[in-house]
Amino acid sequence: MEAYSRAGFPYGAAEIFSLMQHMGFEPCSAFWTFLLQRSLNRQWLEKTNYIVFGLGDSGYHKYNFVAKKLDKRLADLGGTIILERGLGDDQHSSGYEGSLDPWMSSLWTMLYNKNPKFFPKGLNIFVSDMKIIGQPKVEITYLDSNAVHSQPSTQIDLKLLEKDIVRCRTMLSAKKSNDKSKPDYFLKLVKNQPITRASYDKDVRHLEFEPLLSTDDNLSQCLVEASLFQFPSTLRRLFATMLIFCEPGNVRKLWDDYYDSLSEDYRKQYGCVERVQNMVLIDIRVFLESMSKKLSDYDLPNVSSHIDLQSRGYREVQEEYSINVEYEDLHAPDSLNLDQKFAYDEIMRHVDENIPGVFFIDGPGGTGNTFLYKALLANIRVRGLIALATTTSGVAANNMPRGRTAHSRFGIPPNLDNNSMCNITKQSGKAQLLREAKVIIWDEAAMAKRQAVEAVDRTMQDITDEKLSFGGKIMVMGGDFIQVLPVVRRGTRAQIVDSSLQMSPLWASVKRLRLNINMRAVNDPWFSDFLLRVGDGKEETLDESFIRIPDNMSISYTDKTNSVDALIDAIFPSLQSNGVGSKFIISRAILSTKTESVDEINNKLIERFYGE
Ligand SMILES: Cc1cc2nc3c(=O)[nH]c(=O)nc-3n(C[C@H](O)[C@H](O)[C@H](O)COP(=O)(O)O)c2cc1C
Ligand SMILES: Nc1ncnc2c1ncn2[C@@H]1O[C@H](COP(=O)(O)OP(=O)(O)OP(=O)(O)O)[C@@H](O)[C@H]1O
């Protein structure tokens, strides 16, 4: 329980609680169980400052109730709220960021007023890259500069160079090259100065790097090679990276020499020369601005203002255009299995030939749906197109880069009927984003009610003014009908079946792509065979509706207390010693159908932590 002890609430420090709430399900239940203990009194958080920001949706009856409840409890325990509670609302036209942004500004101002030393460079800081302080975000390996080849010569080197420079600058998590013969980073360390006292428990340093590439000739050669292998959108990002980090002497010459490669995709799509140039410049501007630079800092043509590029002004759209794709995902198509490859090629054909289509990737658990989505997202995004990643559940949304729940992405109303529309106004950034999207991925669509999918279909047709399914987008749904069906509260079997996507009129026009090869089975073939037999209805049944859980998968029942203890031992063996690592805790879970059993098991687990 170290994590929740009073020591976790240091005197005078601000605790940041950012919450996600889901109806009837409160995250971090162990935390709640702890916080709601009767033994805690009003003195417990005395002299402790706290702030709360909730993520919610005012379409729900209990709007942001977790945040409100937490605020009340912390106040009851003697804590002092030092900034007005922030409540994010997904219904806001800019999503929860609509209230998060002003709230963050007040937070920084408040902290600055409390102690300006928190901000050595003043308040003018770039908010979105701020991460939780405490863990190192970059890893630095010292290499002998004489042993480093100064010039990357293959496309792989180039890609790494660009990624690593960006990572170093933005302090994103570090990642090493797999190629052991190459240095990890093509950067020269030019400053390494400790800025904390030697006695301090953290070693904070001021590091400055210089790319080993420096002259315009090198940059030029780099762009020649890159233009042979890379998509124009990647080139534009590389170009911006070079402007910032390599400080070319003659920017305009580089621009003129490589403009054809930088604009190749837009030139194919649009006839207007000025528009194409604007689009290239605006992409570069987005990258530059994400690194706190301006287009006007460089000798580049101006963006002509009379060309309508309004959509680029929407934050939602800009964010999607500036997603950095992962190198592994970009190259994942090389390792797809036959089924995945077939699905990938078919969808990418629609993308490249601009053909609308509605697909359903039918993949039982472990057949690599997520792996395929990541390959698709990366390869569509790198073409400079928008591919939106959505899922029915919040948990799965985290598995995809920039994944969001379909519910929040489309503004699906909580109470659905056969004519529901989503809560999106045609003028909003959300609507513009959907209009510009080339592909929409919706994972776990089998778990969504058909009425939700139909509402999205109707809304897409409305905002795009296109009478085609989903407004003519390439829609890639996925999931597994033999896993969880939509939840219909107190619904009869017939009502549950009726709410399934397969019952929707849309289903007839869906092209099904089946994944059969179980990639997880490599590690546990017996279990995946068993799952498939159950799903296909081939496992032997008792009384036609029960299957027998094999002995090696169950804990035999003796009496309630002992059986629950045995279950905890099996799932969380040696909790005292293993429980210190977060990886151990988050890689396993005990599920239960009733909240009271959850509380009971939680309490037992907490007691074990407290134990000897
Ligand atoms: C199943 C489910 C239940 C939810 N229940 C509530 C709720 O009771 N109150 C509320 O304010 N928001 C509720 N929300 C909305 C989320 O808190 C909100 O969408 C939040 O911004 C999470 O962001 P995300 O959907 O982008 O992941 C719920 C969302 C889901 C998917
Ligand atoms: N073509 C592939 N090459 C290598 N590994 C793969 C491939 N496809 C999938 N995998 C791996 O197999 C495992 C299962 O894949 P993934 O998570 O994509 O499956 P899924 O169908 O989304 O599963 P679930 O629905 O159960 O979450 C993952 O560890 C993934 O990295």
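Whatever order the structure lists them in is the order used to number ligands and atoms, beginning at 1. The first residue in the sequence is number 1, and the count goes up from there.
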- [ ] Might you check, step by step, whether the distance between atom 28 (C) of ligand 2 and some protein heavy atom is under 4.0 Å?
- [x] no

Open item on the list: Does Phe546, at its CZ atom, have more than 12 non-hydrogen atoms belonging to other residues, nucleotides or ligands within less than 6.0 Å?
Closed with: no

Open item on the list: Using a 4.0 Å cut-off to any heavy atom of Asn337, which atoms of ligand 2 qualify?
Closed with: 1 (N)

Task: atom 31 (O) of ligand 2 touched by protein (heavy atom, under 4.0 Å) - done: yes

- [ ] Specify the protein heavy atom at minimum distance from atom 11 (C) of ligand 2: its residue, its atom name, and the distance to 0.1 Å.
- [x] Met519 CB, 4.1 Å

- [ ] For Gln461, enumerate each residue passing the side chain to side chain donor-acceptor pair (under 3.5 Å) test, keeping only those at least two apart in sequence or located in another chain.
- [x] Asp457

Open item on the list: Does either side chain, that of Tyr96 or that of Asp89, offer a donor lying less than 3.5 Å from an acceptor on the other one?
Closed with: no

- [ ] Please confirm whether Ser335 comes under 4.0 Å of ligand 2, counting heavy atoms of the residue only.
- [x] yes

Open item on the list: Counting non-hydrogen protein atoms only, what is the nearest one to atom 8 (N) of ligand 2? Give residue, atom name and distance.
Closed with: Gln340 NE2, 3.0 Å

Task: Nearest-contact summary for atom 25 (O) of ligand 2 - protein heavy atom, Å - done: Gly365 CA, 3.6 Å

TODO: May I ask you to check whether Glu444 and Thr391 show a side-chain donor-acceptor distance below 3.5 Å?
DONE: no

Please set out all donor-acceptor pairs under 3.5 angstrom arising from side-chain atoms of residues 500-508, sequence neighbours excluded.
unit_1 : atom_1 : unit_2 : atom_2 : d
Ser500 : OG     : Gln502 : N      : 3.2
Ser504 : OG     : Glu454 : OE2    : 2.8
Ser504 : OG     : Leu506 : N      : 3.1

Task: Distance-only side-chain donor-acceptor flag, Trp442 / Thr392, under 3.5 Å - done: yes

- [ ] Starting from atom 24 (P) of ligand 2, locate the nearest protein heavy atom and write down its residue, its atom name and how far away it is, to 0.1 Å.
- [x] Gly366 N, 3.6 Å

Open item on the list: Is the shortest side-chain heavy-atom distance between Leu433 and Ile386 below 4.5 Å?
Closed with: yes

Task: Closest approach of any protein heavy atom to atom 26 (O) of ligand 2, naming residue and atom - done: Arg520 NH1, 2.9 Å

Open item on the list: Give me the atom names and distance for the closest heavy-atom approach of Arg548 to Glu539.
Closed with: O-OE2, 4.4 Å

Open item on the list: Gly368 versus ligand 2: do any nitrogen or oxygen atoms come within less than 3.5 Å of each other?
Closed with: yes

Open item on the list: Please list the nearest protein heavy atom to atom 22 (O) of ligand 2 with its residue and the distance rounded to 0.1 Å.
Closed with: Thr370 OG1, 2.4 Å

Task: Heavy atom of the protein closest to atom 5 (N) of ligand 2 (residue, atom name, distance) - done: Phe371 CE1, 3.9 Å

